[in-house]
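What you see is a predicted model; the values in this text were computed from it and never measured. Order of the sequence lines sets the chain letters (A, B, ...), proteins ahead of strands, with each chain counted from 1.
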Amino acid sequence: MKQSQTSSSIPVLTALSTFNAMVRKELIIMARYPVNFIASFAQVFLIVAIFTLAGSMFFNAPEGQDALENASTGSPSGVVVYGFILYMFLSDTLWTIGYNVRHEQVQGTLEQLYMSPASKFASLVARVANTLIWTGLLSITGAILMSWMIGKLPVENPLLGLYLLIMALSGTFGIGFAFAALTLYLQETAQTVANLLQFAIIVVCAIFFPFSALPEAVRAVSYILPPSYAVDAFRSALMGFPPGFPELLPFEIEFWIVTAFGLLMPLIGYWLYRRAEDAARKTGSLSAY
Amino acid sequence: MNELQANLSAMWASTRMRLVTISRYQGQLVSEIIFPIVFAAMPILLGRASGGPNAEDIFAANTGTRNYVAYMLIGSSVFSIVSNAFWHVAYWLRREQEVGTLESLYLVPTERSWIVAGTALYSAIRSVASALVAYLLGSLIFNVNPLQGEVGLALLFIAVGLIPLYGLTFVFGAVVLKVKEAGAIVNVMQWGVSFLMGIYFPVAIFPPLVKAAALLFPPTWMTNGVRSALLGMGFFFGKWYLDLSVLWAFLLVVPLVGLWTFTRVETSVRRNEGVGQF
């Protein structure tokens, strides 16, 4: 009792306590579905196997032909594996917040949640916390599997890579908040938009292939999206900046773009979410789906 | 005769209702068309970048055709048909469970198999139409001729392959009834299916046991049949009619096995917790 009084008098501690409670609740729900855990590991193995075998149709040259002699990928395993890792994190962060808001709407518990004095920010971030831990484990497994199947994975500048991953994730948190705001407006259509966005990210941000493979017109779009620089900088750093990498801009510029993305986007995204939420509460559409 | 007409009418009503519902979500239909194109684009772009100027030669040496763009597009389009079949049937069951209407379906005077057939027909119309549009649009985007080879034969392989495919979805439906977690199961299943059917590669590269498993799977024959008809890479048994006869054999056996499995699981679930429990 004393402890709860103390923590409730300090806003940061209250938010942390809410966050902790929400994470625990999400973890308990996740643990109720063990098939999901096993299935996601199996899924990663299959995705890795499929793309590795697809790539091997081009990498494995028979009769002594050297497939990679004129290739422009730097390290094919590096491009594919690091793209895959970043994509797993990005797609989780992007979609999970909006999906959970939608789920609460459909269940009819969103309005109740907003009547509680709990921090809205903590509630939103908690949705992704468990997923990120799980995705981290899956990424490590996926990376090991892929490097075993495709070939040695270059791991240069790991600390720089980690910094870029954190900034990229933070930026995508912001996009996730903005997308959750959009979910409040779009409702059922949100899932379709999320699917389309994921497809767009795969292509425009050149997740599984180098940017050089993209047609000029598509690459022009890549230049205006900060996640493209996150992908380019992240894999270039971890591959040790092979010739031709980074592909979009010099690394120093990409570094600052990714940093600005990571610092500003969460603020912008959360601001957008609060605006959408206020509008929904005023119009009484918060629980409508 | 009257009973058959009534059943057919119920089946068609189920199909039409679902088609009307999905027509309200055009965005979802658009994403179903984009999905196979993006899915094919990944290995195509990776191949172009990593294979360099030798990409076509290396690909031909590995697969039997230089046309890797059409090869990947066919793989991803057939995969979207297969994957949608599983998603539509599994989610139909799961959604009925979640909204509490699955048990009510057991009270209607129509045989459940006709209602399931209505869902399967709806799914087949929706997924084949979007896969065909995706293939044509993808060919246009990647600048390949979509109507090369034996187009009619390719369509025949798809038509014959659809029946065992939907027969398999009964087995899958049984798993969903039993395990409940449709999302996780479908996710693994769709990647497992794409792996076994050789979405981006020939199944000949598999080790013997995996290859045998892949050949027991109707979509593998469907994919290879379509690819061979359009790209002339060679049927498993050398002649198209031999491969097609294997699909016919699947057509006769798989739906019966699927129905038997589904009925057994359904009876067991009804005796225990009931089909409405989720």
Side-chain angles (χ1 to χ4, degrees), chain A residues 33-47 49-63 65-74 76 79-80 83 106 186 188-189 191-196 198-200 202-203 206-215 218, chain B residues 24-32 34-35 37-63 68 71-72 75 79 98 141 175 179-181 183-196 198-202 205-206:
Chain A
Y33 299 94
V35 174
N36 270 332
F37 283 87
I38 301 162
S40 49
F41 259 111
Q43 196 182 329
V44 165
F45 173 78
L46 287 166
I47 295 173
I50 288 166
F51 282 99
T52 306
L53 289 173
S56 73
M57 295 296 104
F58 298 96
F59 305 150
N60 292 346
E63 296 166 19
Q65 262 181 301
D66 188 359
L68 302 179
E69 194 180 8
N70 299 307
S72 54
T73 52
V79 171
V80 177
V106 174
L186 295 178
E188 186 63 28
T189 318
Q191 188 168 353
T192 306
V193 175
N195 285 340
L196 291 172
Q198 284 188 338
F199 292 151
I202 289 174
V203 175
I207 298 282
F208 292 102
F209 41 82
F211 284 93
S212 60
L214 287 173
V218 182
Chain B
R24 293 180 193 139
Y25 301 96
Q26 289 96 344
Q28 211 167 327
L29 294 174
V30 170
S31 72
E32 273 182 22
I34 295 174
F35 167 75
I37 300 173
V38 173
F39 223 58
M42 290 187 273
I44 290 171
L45 294 172
L46 179 65
R48 276 185 185 168
S50 60
N54 304 328
E56 285 181 353
D57 296 334
I58 298 163
F59 191 80
N62 283 315
T63 62
Y68 63 89
Y71 187 94
M72 300 297 184
F79 167 64
E98 284 180 340
I141 292 170
V175 178
V179 185
K180 324 281 188 212
E181 295 166 55
I185 301 167
V186 176
N187 269 332
V188 174
M189 189 69 183
Q190 68 172 3
W191 289 106
V193 165
S194 59
F195 177 75
L196 282 180
I199 179 172
Y200 298 137
F201 39 80
I205 63 168
F206 286 147

So what's closer than 4.5 Å to chain A heavy atoms on [X]: side chain, backbone, both or neither?
X: B:Thr63; answer: side chain
X: B:Tyr68; answer: side chain
X: B:Met189; answer: neither
X: B:Leu45; answer: both
X: B:Ile44; answer: neither

> Most heavy-atom pairs under 4.5 angstrom with chain A, which of B:Gly47, B:Pro43, B:Gly27?
Replying inline: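 Top option by heavy-atom pairs under 4.5 Å: B:Gly47.
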>> At a heavy-atom distance under 4.5 Å, which candidate from B:Ile34, B:Ile199, B:Ile205, B:Val38 has the highest pair count against chain A?
In response: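 Greatest number of close heavy-atom pairs with chain A: B:Val38.
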> Is there a side-chain contact (heavy atoms from CB on, under 4.5 Å) between A:Phe58 and B:Leu46 once you walk through the steps?
Replying inline: CA-CA 9 Å; A:Phe58 298 96; B:Leu46 179 65; over 6 Å; no
> Contact part of A:Ile202 toward chain B, heavy-atom cut-off under 4.5 Å: side chain, backbone, both or neither?
Replying inline: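 It is the side chain, since no backbone atom gets that close.
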> Hey, mind stepping through B:Phe79 and B:Phe35 against side-chain contact (heavy atoms from CB on, under 4.5 Å) and telling me if it holds?
Replying inline: CA-CA 10 Å; B:Phe79 167 64; B:Phe35 167 75; 3.7 Å; yes
> Is the B:Phe39 ring parallel, tilted or perpendicular to the A:Phe51 ring (thresholds 30°, 60°)?
Replying inline: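 Correct class here is perpendicular.
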> Between B:Phe195 and B:Gln190, is any pair of side-chain heavy atoms under 4.5 Å apart?
Replying inline: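 With C-beta onward as the side chain, the pair stays apart.
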> Should A:Ile50 and B:Tyr200 count as side-chain neighbours, where that means a heavy-atom distance under 4.5 Å?
Replying inline: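 In short, these two side chains touch, coming nearer than 4.5 Å.
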> Does the ring center of B:Phe206 lie less than 6.0 Å from the ring center of B:Phe201?
Replying inline: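 Yes, ring centres under 6.0 Å apart.
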